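Quantities reported herein were computed from a predicted structural model and do not represent experimental measurements. The figures here come from the full heavy-atom set of this structure, side chains too, leaving out hydrogens, waters and symmetry mates. In what follows, chains are A, B, ... by sequence order, proteins preceding strands, each numbered from 1.
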2 protein chains.
Amino acid sequence: MSADGPPAKVTIKDVAARAGVSKGAVSLAFNNRPGLADATRDRIFAAARELGWAPNLAARSLSSSRVDAVGLAICRPARLLGLEPFYMEFVSGIESVLAEQSCSLLLRLVRDLDEEVAQQERWWKSKQVAGSILVDFLTDDPRLPALGALGMPVIAVGHPSLTGGFPSLWTDDGTAVAEAVRYLAALGHRRVAHVGGAAELGHSAIRNAAFAATVRELGLDAGRQTPTGFSGEDGARATRTLLSSAERPTAILYDNDIMAVAGLSVASEMGLSVPADLSLLAWDDSQLCRLTHPTLSAMSHDVHGFGAEVARTLFALMTTGEAESRQVPTPALTPRGSTGPPR
Amino acid sequence: MSADGPPAKVTIKDVAARAGVSKGAVSLAFNNRPGLADATRDRIFAAARELGWAPNLAARSLSSSRVDAVGLAICRPARLLGLEPFYMEFVSGIESVLAEQSCSLLLRLVRDLDEEVAQQERWWKSKQVAGSILVDFLTDDPRLPALGALGMPVIAVGHPSLTGGFPSLWTDDGTAVAEAVRYLAALGHRRVAHVGGAAELGHSAIRNAAFAATVRELGLDAGRQTPTGFSGEDGARATRTLLSSAERPTAILYDNDIMAVAGLSVASEMGLSVPADLSLLAWDDSQLCRLTHPTLSAMSHDVHGFGAEVARTLFALMTTGEAESRQVPTPALTPRGSTGPPR
DNA sequence: GGCCTTCACTCAACCGGTTCAGTACCACGG
DNA sequence: CCGTGGTACTGAACCGGTTGAGTGAAGGCC
């Protein structure tokens with residue numbers, strides 16, 4: 001707190017001098033390693049505090065070849081990302097774990113997977129990150145061959161059938177979709193539709209398949225499935241199409257909450273009452289689902305916790321070289337006001 | 001692409017050897033500095049490509065004492081952040097500029113301002129960032145004294161009256177609020193309410209003051225203002241309170257779009273028709289405003305562009321040591337379906 | 001032909017930490 | 001009294017780049 005004129009940069013040497021020890025001792029103290037008397041340790045910390053010194057991480061990382069950051073690249077247009085509560089929650093879960101280890105997250109929004117591959121390679125080769133998190137797998141994802149060869153520690157978010165050998169964490173979307181459809185069927189619905197994502201997206205493919213299978217298994221009328229880009233506008237358009245068709249569904253399952261909100265608004269615009277004329281079921285429950293009228297029933301899961309678990313697993317991989325692929329808790333049905341028996 | 005067994009780490013020396021030059025030459029090439037024949041340059045790049053080499057950024061940053069990252073700490077609970085499209089758009093705007101300069105963004109979600117100050121100090125002292133972006137200023141923000149003394153390049157997002165001498169970028173919220181109120185008054189509303197933020201938040205204070213002043217100036221009935229925490233639930237609660245009061249407002253201005261969505265839902269829950277019985281006007285226009293029924297009128301602005309401008313200004317500050325404080329375009333009224341003359 | 005530039009490049013020091021072999025000192029057992 | 005082991009600490013090499021002074025050759029000018 002003293003006015004020391006030009007804040008001349010202070011290095012480990014200055015701290016060492018002030019504490020009357022060698023650089024090595026300061027290093028030991030700041031990495032709390034054994035081999036120092038408590039009194040010395042205290043003197044070193046005191047000196048560092050007085051000088052306002054913190055170790056230069058570039059130097060540390062250079063000499064110890066340990067890195068204090070992990071990477072996450074997300075590939076969706078920003079407009080959309082901003083809207084999907086999922087990612088911010090996910091990121092925040094990741095960070096809650098990284099912060100404990102004083103590790104930083106390098107976040108990058110990319111336009112396409114080529115850009116992501118380029119970014120990940122750069123991160124890894126230039127030693128900016130100690131590992132990375134991969135999300136949004138396509139079936140036959142082009143990142144797999146490119147990044148697999150790199151030898152970079154990677155945790156994949158997605159079903160093992162998509163993530164090509166990378167240690168993976170995933171939610172059991174198939175089971176959750178089945179639960180959703182069964183629930184709607186139990187309410188008495190026979191014409192159920194699904195507003196999902198493009199089939200190239202791995203988790204969309206899984207959900208689509210599960211939807212079709214469950215509809216068949218329960219002997220419901222052939223359930224229509226509409227692929228979308230997950231935006232609210234996509235959801236609205238899909239809903240309009242479905243509700244204008246001859247065989248109008250009495251229940252719709254959406255692959256995120258934004259589209260469900262849009263669907264609710266379309267229903268109201270078309271004069272349908274929810275849930276009497278139409279039941280709506282969202283995915284990725286967020287606060288948004290409690291803000292509508294009626295409130296939206298949803299398949300909800302702990303996204304923050306998911307992110308935290310991903311970060312923990314990545315740490316395990318980076319430190320021990322091993323990581324278990326694991327399924328995290330399955331999204332659970334949270335019934336609210338938008339689902340009910342058909343009229 | 002050759003199978004080179006264990007991916008032995010390759011350094012600048014290997015590249016130099018392969019290209020038949022010295023380390024210095026490789027360094028010149030990769031920082032595209034003059035002093036190399038084109039042929040040599042090409043040979044160096046070819047060698048680097050063949051070996052899959054990229055410069056170790058820690059080493060570069062250590063020796064050149066140049067840093068390739070900037071920091072942004074956001075202090076709001078994650079649940080809320082996820083919902084506010086604002087931040088993701090803002091971040092994406094920042095990134096669009098940083099990426100051009102191959103600079104990374106260190107993003108941290110913190111719980112309170114003390115934690116933010118600690119983080120910023122650590123970032124700066126440990127040379128992890130070359131500068132930082134500060135958002136969400138309180139009146140008398142505790143970060144100002146703490147970070148001002150650091151000498152770190154900082155761009156503040158907020159009105160200069162709040163940002164204590166840091167170069168700042170801001171939107172003219174006062175004018176925008178006035179425009180909003182004038183518009184509602186022109187539609188014939190005389191009882192207008194405002195669902196805003198806590199008065200400690202600097203921009204809330206500005207908006208609140210502008211609201212009160214405009215109401216007075218236009219001779220409207222005393223406009224009620226309710227401070228909230230910006231969450232949807234807060235918006236719903238505030239709306240219920242307003243609509244249950246004796247002197248029920250005929251129009252409500254919200255300080256973000258989430259609260260406006262919640263307000264719309266409360267209106268419908270209470271059997272009021274929008275906009276006949278009640279007009280609603282949102283702030284921070286996002287896709288969400290087009291997903292409701294009726295669609296939400298909003299004060300909209302280019303958040304992505306705002307973020308980009310902030311990043312550009314930070315770069316100017318970091319490279320030239322100077323940066324101009326500047327007002328960015330004022331949010332503009334975008335009328336949609338939720339505003340109209342009172343019944 | 002001699003002198004001065006300019007260009008292309010090399011060499012070694014240096015950035016600020018970490019690491020590890022080595023040293024000094026003390027305590028303890030025999 | 002010596003050896004042995006352990007603890008506390010030092011010193012120098014090293015991490016992988018950048019930087020700037022220095023070198024040698026080519027070219028221009030009188």
Side-chain angles (χ1 to χ4, degrees), chain A residues 7-45 47-48 51-69 102 122-130, chain B residues 7-45 47-48 51-69 102 122-130:
Chain A
K9 65 191 161 169
V10 24
T11 76
I12 199 175
K13 219 186 310 184
D14 304 311
V15 176
R18 175 151 195 143
V21 295
S22 69
K23 296 201 299 172
V26 178
S27 177
L28 290 182
F30 266 77
N31 292 289
N32 29 316
R33 259 205 264 283
L36 282 187
D38 285 351
T40 313
R41 213 173 277 274
D42 293 345
R43 249 177 28 248
I44 292 174
F45 284 128
L51 296 174
W53 177 78
N56 179 322
L57 287 201
R60 165 180 290 183
S61 141
L62 177 58
S63 53
S64 67
S65 46
R66 131 194 12 149
V67 185
D68 57 312
S102 37
R122 217 169 324 138
W123 273 341
W124 177 245
K125 288 189 175 169
S126 64
K127 261 101 193 150
Q128 281 188 91
V129 302
Chain B
K9 65 191 163 176
V10 23
T11 77
I12 198 174
K13 218 186 310 185
D14 304 313
V15 176
R18 177 155 195 139
V21 294
S22 69
K23 294 199 301 172
V26 178
S27 177
L28 289 181
F30 266 78
N31 292 287
N32 30 314
R33 262 205 262 282
L36 283 186
D38 285 350
T40 314
R41 214 173 277 276
D42 294 346
R43 245 179 29 247
I44 292 173
F45 283 128
L51 296 175
W53 178 79
N56 179 323
L57 287 202
R60 166 180 289 183
S61 142
L62 177 58
S63 53
S64 67
S65 47
R66 135 195 5 149
V67 184
D68 58 310
S102 37
R122 217 168 325 140
W123 272 342
W124 178 245
K125 289 188 175 168
S126 63
K127 259 96 191 158
Q128 283 189 90
V129 303

Please list each protein N or O that sits under 3.5 Å from an N or O in nucleotides 25-28 of chain D, with the distance.
none

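- Applying the side-chain contact (heavy atoms from CB on, under 4.5 Å) rule to Ala25(B) yields the partners Val21(B), Ser22(B), Leu36(B), Ile44(B); only residues at least two apart in sequence or on another chain are considered.
- Residue pairs that meet the salt bridge (charged side-chain N to carboxylate O under 4.0 Å, His left out) test with at least one member in residues 26-45 of chain B, sequence neighbours left out, do not exist here.
- In terms of the ring-ring contact (aromatic ring centres under 6.0 Å, His included) criterion, residue partners of Trp53(B) (sequence neighbours excluded) are, by chain and number, Phe30(B).
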Query raised in the report: Given the rule in the side-chain contact (heavy atoms from CB on, under 4.5 Å) test, do Gln128(B) and Asp68(A) qualify, once you have shown the distances and angles that lead to the verdict?
Result: CA-CA 10 Å; Gln128(B) 283 189 90; Asp68(A) 57 312; 3.3 Å; yes
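- Closest heavy-atom contact between Ala47(B) and Val15(B): CB-O, 3.9 Å.
- With sequence neighbours left out, Ser63(B) forms a side-chain hydrogen bond (donor to acceptor under 3.5 Å, both in side chains) with no residue at all.
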Query raised in the report: How does protein reach along nucleotides 9-20 of chain C, written 5' to 3' as B (base within reach of a heavy atom under 4.0 Å), S (only sugar-phosphate), or - (no contact)?
Result: BBB---BBBBB-
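- Rounded to 10°, the angle separating the first-five-pair axis and the last-five-pair axis of the helix from dG1(C)-dC30(D) to dG30(C)-dC1(D) equals 50°.
- Identified under the salt bridge (charged side-chain N to carboxylate O under 4.0 Å, His left out) test for residues 13-30 of chain A, with sequence neighbours left out: Arg18(A)-Glu50(A).
- In this view, Thr11(B) satisfies the side-chain hydrogen bond (donor to acceptor under 3.5 Å, both in side chains) rule with no residue, not counting sequence neighbours.
- Among residues two or more places apart in sequence or in another chain, the side-chain contact (heavy atoms from CB on, under 4.5 Å) test is passed with Ser64(A) by Arg60(A), Arg66(A).
- Between Ala58(A) and Ser61(B), the shortest heavy-atom distance links the atoms CB-OG, 3.4 Å.
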Write down the protein N/O and nucleotide N/O pairs, taken from nucleotides 22-24 of chain D, whose separation is under 3.5 Å; answer none if there are no such pairs.
none

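- Not counting sequence neighbours, the partners of Ser27(B) by the side-chain contact (heavy atoms from CB on, under 4.5 Å) test are Ile12(B), Asn31(B).
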